[in-house]
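A short write-up of the structure that comes next.
So that the names make sense, note that chain A is the first sequence line, chain B the second, and so on, each numbered from 1. The shown structure was predicted, so the numbers you read here are calculated from the model rather than taken from an experiment.
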Amino acid sequence: TLAPAAGRDRDLGFISPVVARLAREQGVDLTLVKGTGEGGRITKKDVLAFLAAPPPAQAE
Amino acid sequence: MKAGNTSTGGAKQMEVTAELKRDMFWHMLLSRRLDERAWVLHRQGKIAFHISGIGQEAAQVGAAFALRRGEDWVTPYYRDLALMLCLGYTPRDFVLSLMGKREEPNSGGRQMPSHWSLRSANAVSHSAPVATQAPHAAGIGLAIKMRKEDKVVLTTIGEGSTSQGEWYEAVNWAAIHALPVIFLVENNQYAISVPTDKQMAVKSAADKACGLGLDGRMVDGTDVFAVYAVMSEVVAKARSGGGPSLIEARMYRITPHSSDDDDRSYRTREEVEENKKRDPILVARTQLLESGVLSARELEEMESRAKAMVDDAVAYAEKAPYPAVEEAAYPVYVEEVRRA
Amino acid sequence: MKAGNTSTGGAKQMEVTAELKRDMFWHMLLSRRLDERAWVLHRQGKIAFHISGIGQEAAQVGAAFALRRGEDWVTPYYRDLALMLCLGYTPRDFVLSLMGKREEPNSGGRQMPSHWSLRSANAVSHSAPVATQAPHAAGIGLAIKMRKEDKVVLTTIGEGSTSQGEWYEAVNWAAIHALPVIFLVENNQYAISVPTDKQMAVKSAADKACGLGLDGRMVDGTDVFAVYAVMSEVVAKARSGGGPSLIEARMYRITPHSSDDDDRSYRTREEVEENKKRDPILVARTQLLESGVLSARELEEMESRAKAMVDDAVAYAEKAPYPAVEEAAYPVYVEEVRRA
Amino acid sequence: MWRRCAVPEMTLIDAVRMAMDEEMARDPNVFIVGEDVGVRGGVFRATVGLFDKYGPERVIDSPLAELSIVGVGIGAALYGMRPICEIQFADFIYPAFNQIVSEAAKMCYRSNGDWTVPMVIRAPYGGGIGGGLYHSQSVEAFFTHVPGLKVVIPSNPYDAKGLLKSAVRDPNPVMFFEPKKGYRLIRGEVPEGEYTVPIGPAQVTRAGADVSVFAYGMMHHYTLQAAEKLAAEGVDVEVVDLRTLYPVDRETILASVRKTGKALIVHEDNLTGGYGAEIAATIAEHAFQDLDAPVRRLAGPDVPGVPFSHPLQDWFMPNPDKIAAALRELAAF
Amino acid sequence: MWRRCAVPEMTLIDAVRMAMDEEMARDPNVFIVGEDVGVRGGVFRATVGLFDKYGPERVIDSPLAELSIVGVGIGAALYGMRPICEIQFADFIYPAFNQIVSEAAKMCYRSNGDWTVPMVIRAPYGGGIGGGLYHSQSVEAFFTHVPGLKVVIPSNPYDAKGLLKSAVRDPNPVMFFEPKKGYRLIRGEVPEGEYTVPIGPAQVTRAGADVSVFAYGMMHHYTLQAAEKLAAEGVDVEVVDLRTLYPVDRETILASVRKTGKALIVHEDNLTGGYGAEIAATIAEHAFQDLDAPVRRLAGPDVPGVPFSHPLQDWFMPNPDKIAAALRELAAF
Ligand SMILES: Cc1ncc(C[n+]2csc(CCOP(=O)(O)OP(=O)(O)O)c2C)c(N)n1
Ligand SMILES: Cc1ncc(C[n+]2csc(CCOP(=O)(O)OP(=O)(O)O)c2C)c(N)n1
Ligand SMILES: [Mg+2]
Ligand SMILES: [Mg+2]
Ligand SMILES: [Mg+2]
């Protein structure tokens, strides 16, 4: 699915509740978001940055 | 009287009119009949709990009548049904509280019965933990003194509860600052099951006065007029700036501690029967009948008036509504007080 | 003596040998010199806090010597440096604790100085909140009685602290159960800034005994031999099952309350100077020199012995290590106690 | 069936009494002190018979003064005795607060282990018995904040006996709060004679996969009832009886949350600053990455006490229905 | 610059004194009672000069008995007076616990509003001043669990004056705890004359985007220092001074967490069952879906008190470095 639930995700590592919620609400595909948190975790900031400046592949 | 003196009270009888005597007796009788009805209601399963003042009416009425009721202040304890009735509490108020009905004046159904409060009579709300009312009385006494008023404050307590440091600290304050406080100990000889000699190493709670530097007096707590006389004296003294006094009124707790108690485990039936001979109602009735202050007919009339009032109270309370759940969360803070 | 009696003590002097007298004086002197050094260390900025026993040595030494030291129990309070020295506490122990060093026996550096504990001498750890040690003494007395031992327990307290309900409840227990407890009130006339007449409406803390049903005695707390005599009597009585006593030893707090206090705001220099005339060290020294129990040379010798011990204590403590941070979290529970 | 008969079923209060009786028989240092504990056998009759058996020296009617009950107990414990102090109602423990918090709790640490206070303070707690503001209180949260104390609350007769025996033998001060509404209501099997339940471990009293509930005392009893309701609705609830509230068994709590991802804490004490806060905070910090839902607390409302009048008392008290409702909501999240 | 001179800078304790002075001048019902508050002016000198100005009837040296200080205060308050009760150190408040919890807190509710207790209880609290176990305690958590009380802790002179004036005027019992290490250390501008700071609202004292910190008293002061360090490292910390701990300003707390997604609570009281537990639990329940990291608490360790010896005291006390370290960790999550 586009937005995994909060918790440990096999591929993405730990998805925090706020990241899960933002992904769900904003329809973000988290596999496209680069994680900058501990151990490469996707942080809330990462999602917000992604939404503010989507990478070219998605900008179309 | 000099500080630290312990004497047996009742020395100088005040002038007491026949009418006043009848009025005192009336309050004792009403309290007794109401109290007895509470036991009946409990047996009938109509109420869950009762804690009784039976046997202590003389001390309470004698004390109340020595006050300027409604002006002076009182921080009472749970056995003070008769005292509260003298202050304006009604039988309806009492039965309402027994049943936890909304209209009861102590707490709107929040507190257990016999946790008195009557704002209009300056009778302060009290709690179950014993002796906490004693420092309140000292504080009220302090406020009276600060405002240079001529009021006094009466605080009552059981003899067992004088073991609490709380009580000692309160009396100490009143003694140091010569506050207009009367500490009345209703010594009914038991604290639930524990007799007085396991509470204190002195013979009377009045003896505690000498260690705290105030007057201490013992009085026969089954004799309403003796209590009234002593109380009138010490109230006058306090009112005129003479400082606090400690009075022990000795009587006997005729009933079990409460409706939850079974007193057979800790005292004999013989002991109880023996002590019933000094039932304050009997004592006063005999005195009044023999002295002609009360006729048999007047007594009968009083009895039926009391019964009517008690009947009315029960009928009224049974019909009265419980508090609404919507009110349960309030008022935790003054901002939430909603006056009806 | 019958219960409830308050008398001025020192009536019947025990036999006191010259050696015993010199020993008592030695402990008073050592305590004084050590205490004075603490003030110096504080002025030098080497320690942060000192609370002094200067002026109270006679009462403490007189009391300690009346005990079977090491066998009887003590629950002391913070001014009891001289008392503790009599029980085996050393000047090194004291200076270590002043500096919060690891080796100090009260607490391993956890407690402020003068919060005594000496397990080996049955001197119980105490805290800063005043009067909490009094019920402990009653409990120890109860345990002694339960085990049918012939020990006694001494508990000390300042006069101000007898205002706490905690103290009243403790004395009440001891009186009811006739426990072998001596309640010694070191009345130095102030509780920080508050004089005795704002603490109590009686003339002496010993007067409180009559309200609690035990013996009460006043003794001149600047006279070590008077204290010893009274204490010996009441200790013997307690040891033989005669029950507790309450002793007030009256003296004067010569120093400010503590190194944090400035007493000039609440008492005059004249008052302090006047009271220094009854400095217990002076009183005892004069007595001993005049009676020939002590020679000037012996006194000089004592002084230099005391100075040497104090010097040694300071040197030792300065070099001693602080507690290690690794030990800070323990022992919260008995399971975590690690004996060195 | 034969074995069931050999293990008598009894009430929680009978188990409490049995524990004290056995410990007094075992160790002459154990004694009881409190109000009305003697000939009266305690107002809840927890000590009935012990006065006759052990005499007035070991079952002591104290003066009416809780501070001294505890303070005298501490003194005796310092001397080597093993006092069991009874506070008649938990509501009346505050006069003894100073002795408990300043003295009993801090004695070992402040003396670097030289002085210890092996003592039990027993007190009936909790509401739902028509006791009003001052005979219904839950006071555990005041003491689970105090290092040096242990705080224990049994939820059934077996644990009551086993935990109380452990408490009496524990070398530290132990606060032992008994759910008084359950005194006669909660029955269970209690073997006679020697066994103890250790202070420390929580117990998973019902294994489940969907939601974890942490409770103790009467609320644990109710939670099991609520869990049955939910089971019928297809929700598999795990129930953990905390038993020892302080120091708490973090591992069992976190393991359960790691499994279910959802946590509910239930107590009858009022919500804010109640014991549930610490459990919720612990989970939020240490099992955050396993959480699948907000950590929920179900507790008494933030009023000064349980009101007396029945409709108000019912409004205050958590019960199986309220717990079930909270569980349903959490399961649906 | 001229305006700065017109608003005097003063210490926290001077602000406390000024508040009492102004309130006593305003309302003859206001009086002070406590140990050594009279000629001595209090052991911290909070009441210096007031005895001379208002006399022994309004600045009363009590007997050495905290229970009676509060109990007598309650009595006077019931009569209509406005007592300010001083407890010399927060550590010594336990003897008064029964009067505070059973009486002051419950009076309004239990009398259905007929009786009220307009009273302030002031007490210096906190460690780091070489006070050892019994002159360093933080006691707020015992009272933030008690409906009917308000609990206030100022962190700077301006608030100290404004909040204390509000407390004196509040018709409810207010516990007013003053960070004694900050008494002379924390200075700030305090206008003379009339202003109040309302009891209730928290204050965002530093806006930030990355992490929220919730603190009060001395720890708030330290947190601001830690936030500066973190700013230099590129971490933007939001600092919230809780000020009123009970009833707490949930909205401000939750709004901050909703913004930053990360929360740290700091207090010097020991961790378990401390005030931070309630804040953490509140966030875990009501801002769960805004959380981007575990809710963290930085607090004193779970020992019975702050030890005296300097190395041990330093080990115990949170400080700007320890706070900064916790923030760094949380920022990096
Ligand atoms: C602090 C506290 N401890 C215990 C109790 C339980 N209790 C209620 S009444 C009572 C006995 C009181 O005896 P006494 O003071 O003699 O008053 P009496 O009931 O005899 O009138 C006890 C122990 C209580 N209410 N408060
Ligand atoms: C419960 C408590 N309240 C306040 C204090 C602060 N305090 C420390 S010593 C003291 C005065 C004690 O006076 P007193 O009992 O006469 O003993 P003294 O210091 O004069 O020997 C006070 C108020 C305390 N230690 N404990
Ligand atoms: Mg009685
Ligand atoms: Mg102490
Ligand atoms: Mg003194």
### Task
May I ask you to test the E:Q289-A:R24 pair for a side-chain heavy-atom distance under 4.5 Å?
yes
### Message
Does E:H310 have more than 12 heavy atoms from other residues, nucleotides or ligands lying within 6.0 Å of its NE2?
### Response
no
### Task
Give the member of A:K44, A:E38, A:R41, A:K45 that has the highest number of heavy-atom pairs under 4.5 Å with chain E.
A:R41
### Message
Counting only non-hydrogen atoms closer than 4.5 Å, can you tell me which residues of residues 12-20 of chain A sit against chain E?
### Response
A:F14, A:S16, A:P17, A:V18, A:V19
